[in-house]
There are 2 protein chains.
Amino acid sequence: MFALPLAYGRMAMSCTDQADFGPFIERLTARSVLSEEEKQAILGLPGHAVHVRAKQDFVHINEETAYSCFVVSGLVGRTGQTAAGARQITAFHIPGDMPDLSSAVRPVGVGGLTALCDTVILRIPHVAIRNLMARYPAVAEAFWRDTMLDAAILLQWVINVGRRDARSRLAHILCEMSIRYGRDREILTEYDFPITQEQLGDAAALTSVHVNRSLKSLRQEGAVTIRSGKVRIADWDKLVAIGDFESSYLVADTGPERQRRLLSAA
Amino acid sequence: MFALPLAYGRMAMSCTDQADFGPFIERLTARSVLSEEEKQAILGLPGHAVHVRAKQDFVHINEETAYSCFVVSGLVGRTGQTAAGARQITAFHIPGDMPDLSSAVRPVGVGGLTALCDTVILRIPHVAIRNLMARYPAVAEAFWRDTMLDAAILLQWVINVGRRDARSRLAHILCEMSIRYGRDREILTEYDFPITQEQLGDAAALTSVHVNRSLKSLRQEGAVTIRSGKVRIADWDKLVAIGDFESSYLVADTGPERQRRLLSAA
DNA sequence: CGAAGAATTGAATTTCCTCAAAGTTCGTGG
DNA sequence: CCACGAACTTTGAGGAAATTCAATTCTTCG
């Protein structure tokens with residue numbers, strides 16, 4: 001078995017530290033208007049913790065699940081595949097993300113989910129999510145908005161894979177993850193990114209050999225270094241220039257002010 | 001000016017033929033449980049018709065709009081761009097689609113919208129959409145689900161661009177459009193696809209020169225022919241094989257039965 | 001009929017891939 | 001604490017796919 005069930009119970013109880021679920025709430029509330037009651041309701045979602053070892057799929061392509069996953073720790077990749085078996089990572093999901101939140105509304109279509117390193121997830125029944133959304137329309141909208149952020153990232157992914165050369169693709173990914181790992185979306189010049197060059201290649205649509213050569217080039221140019229899962233950005237501006245990175249798709253979001261405007265207009 | 005305003009008024013009135021808005025309703029109701037009242041409410045959305053000439057952008061990248069677009073006729077491309085100016089089409093939208101429905105909830109992040117040929121769209125104010133969703137939660141969910149179908153298509157787009165060679169990419173696109181143009185998702189072996197090889201290249205992340213050579217190869221192999229915007233699929237099975245096409249991401253959807261199950265469970 | 005846009009073809013070049021072999025790192029068990 | 005093995009990284013050489021640049025032909029449309 002690839003997965004080891006640990007505990008059942010309320011989300012807040014299935015982990016010793018309730019803060020585990022914090023990042024998601026933080027991200028949501030940064031972009032949506034949620035009341036204390038609504039936030040508490042989200043925190044009260046029932047969750048089932050699962051440890052997944054590195055390189056194990058925990059949701060298969062075209063699998064129809066009855067739950068959505070919340071990433072507690074580790075790193076998750078959304079994957080697709082050609083018939084020939086070539087793997088493509090279409091998204092990274094870090095702690096605080098819900099990679100397949102959309103499955104609550106459309107049970108298939110997110111592709112597979114793989115743990116890129118040892119990872120802990122929480123499985124949250126669709127029924128619970130749907131109940132919550134029925135009760136709190138603002139939560140439903142916040143969830144929808146969260147899936148649209150994923151879609152916006154995916155859109156940049158297409159551009160990255162389609163229109164940039166190897167070095168740019170990698171630089172772009174490293175810039176993006178820097179912002180995403182950062183609290184309040186600030187730039188992290190150093191962060192843990194537990195991924196192999198092979199997996200980076202699956203994400204950037206390159207072979208691991210070419211990833212290696214390209215990383216070497218980035219390193220020699222003094223832009224960035226990756227060593228045993230630790231990214232050190234030596235020169236942010238240079239990395240941004242190489243990666244043709246423009247963070248607005250991550251940052252420019254519907255903040256609470258905008259939400260209030262929309263709500264008052266309606 | 002690139003756009004020529006035509007008429008204001010209720011959606012049903014801004015076009016002589018109400019059936020123009022039909023495809024969207026059909027698609028939605030095929031995947032969601034909507035009452036007659038809810039359908040009528042959607043049909044009653046106010047729309048502002050706009051004619052857009054070929055190759056004109058009508059929503060710019062990072063533009064924050066106050067409306068979503070509904071494609072009445074023609075062909076729309078969602079676009080992204082690198083700083084160097086390389087263009088990438090990330091999605092095609094055909095009559096009946098709402099390319100930036102998501103902007104009602106997250107005003108930026110869909111990229112730009114371009115008319116790939118002479119096209120008519122309807123601009124529907126976010127306020128109206130949001131009012132409708134507030135009144136009918138089932139409509140809100142149906143709209144969300146529609147954006148998730150786009151996301152699922154986008155996911156395949158990444159795989160296509162990232163992991164297939166030129167011929168396969170083109171074959172995959174032509175297969176996908178065949179299904180999408182078909183009513184009830186049946187296979188069309190002949191359909192209008194008013195697009196240039198240059199634009200196909202922007203979609204497949206290839207140069208127009210290489211698109212040309214690859215199409216020639218597909219033609220010579222007896223798989224498919226494109227001539228002045230008309231696709232003729234000579235051998236569907238062959239095209240599917242070359243394009244590594246598996247239609248479930250378009251077809252396998254949350255039908256009404258599944259929706260009823262989810263609703264009753266909740 | 002003429003012009004503009006689109007499609008087609010050729011030749012040289014570049015980027016990335018494939019195949020193959022060493023070298024490193026790190027965890028595990030002796 | 002060291003030896004071993006597995007996984008990961010690094011490097012080399014040759015080849016394939018797609019690009020670039022440039023020129024020509026075909027279509028469409030006013």
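Letters A, B, ... mirror the listed sequences (proteins, then strands); counts begin at 1. Here the structure is a predicted model, which is why all the values come from computation and not from measurement.
At the phosphate of D:dA6, neither OP1 nor OP2 sits under 4.0 Å from any side-chain N or O atom of A:Lys55. An OP1 or OP2 oxygen of C:dC16 is reached within less than 4.0 angstrom by no side-chain nitrogen or oxygen of A:Thr207. The shortest distance between the side-chain N/O atoms of A:Asn212 and the OP1/OP2 oxygens of D:dT10 is below 4.0 Å. Close to C:dA7, at under 4.0 Å from its OP1 or OP2, lies no side-chain N or O of B:Arg227. Between B:Lys216 and C:dA7 there is no side-chain polar atom (N or O) within less than 4.0 angstrom of OP1 or OP2.
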Checklist entry - side-chain contact (heavy atoms from CB on, under 4.5 Å) between B:Val50 and B:Phe58: does it pass, once the steps are laid out? => result CA-CA 9 Å; B:Val50 177; B:Phe58 57 94; 5.9 Å; no

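Axis angle across the helix from C:dC1-D:dG30 to C:dG30-D:dC1, with five pairs used at each end and values rounded to 10°: 40°.
A centroid separation of less than 6.0 Å is found between the aromatic rings of A:Phe92 and A:Trp157.
Nearest nucleotide to the B:Ala166 side chain, out of D:dA18, C:dT25, C:dA6: D:dA18. Ranking D:dC21, D:dT11, C:dA11 by closeness to the B:Val209 side chain, first place goes to D:dC21. In the set D:dT19, C:dC16, D:dA17, C:dC16 carries the atom at the smallest distance from any side-chain atom of A:His210. Minimum atom distance to the side chain of A:Leu206 is reached by C:dC16, of the listed D:dA18, D:dT10, C:dC16. Closest to the A:Thr196 side chain, of the nucleotides D:dC8, D:dA17, C:dC16, is D:dC8. Among the nucleotides C:dC16, D:dC8, D:dT9, the one closest to the side chain of A:Gln197 is D:dT9.
Here D:dA7 presents its P atom at 18 Å from CD1 of A:Ile195, a figure rounded to the nearest Å. Between A:Leu215 atom CG and C:dC16 atom P the separation is 13 Å, expressed in whole Å. Atom CD1 in B:Ile226 sits about 15 Å away from atom C1' in C:dT8, given to the nearest Å. When the C1' atom of D:dA16 is taken as reference, atom CG of B:Asp165 falls 11 Å away, rounded to whole Å. If you take CD of A:Glu198 and P of D:dT10, they are 14 Å apart, rounded to a whole angstrom. Straight-line distance from the CZ atom of B:Arg164 to the P atom of D:dA18: 13 Å, rounded to whole Å. Rounded to whole Å, atom P of D:dA17 lies 16 Å from atom CZ of B:Arg163. Summarising the geometry, the separation between CG on A:Asp118 and P on C:dC26 is reported as 16 Å, rounded to the nearest angstrom.
Between A:Lys230 and A:Asp192 a salt bridge is recorded (basic side-chain N to carboxylate O distance below 4.0 Å).
Within 4.0 Å of B:Arg169, counting heavy atoms only, lies no atom of the nucleic acid at all. Within the 4.0 angstrom heavy-atom criterion, no nucleotide atom of any strand lies near B:Ser208. Across all strands shown, B:Ala205 has heavy atoms under 4.0 Å from sugar-phosphate atoms exclusively, and none from any base.
The two residues A:Ala204 and A:Ile173 make their nearest non-hydrogen contact at CB-CD1, 4.1 Å. Of all the heavy atoms in B:Ala203 and B:Val161, the pair that sits closest is O-CG2, 3.8 Å.
One finds the CG atom of B:Leu149 at 11.5 Å from the OG atom of A:Ser102 (value rounded to the nearest 0.5 Å). Rounding to the nearest 0.5 Å places CD of B:Glu246 at 6.0 Å from CG of A:Asn62.
Contact annotation: side chain of B:Arg213 to base of D:dT20, donor-acceptor pair present below 3.5 Å.
When the shell of 6.0 Å around NZ of A:Lys238 is examined, it contains more than 12 heavy atoms from other residues, nucleotides or ligands.
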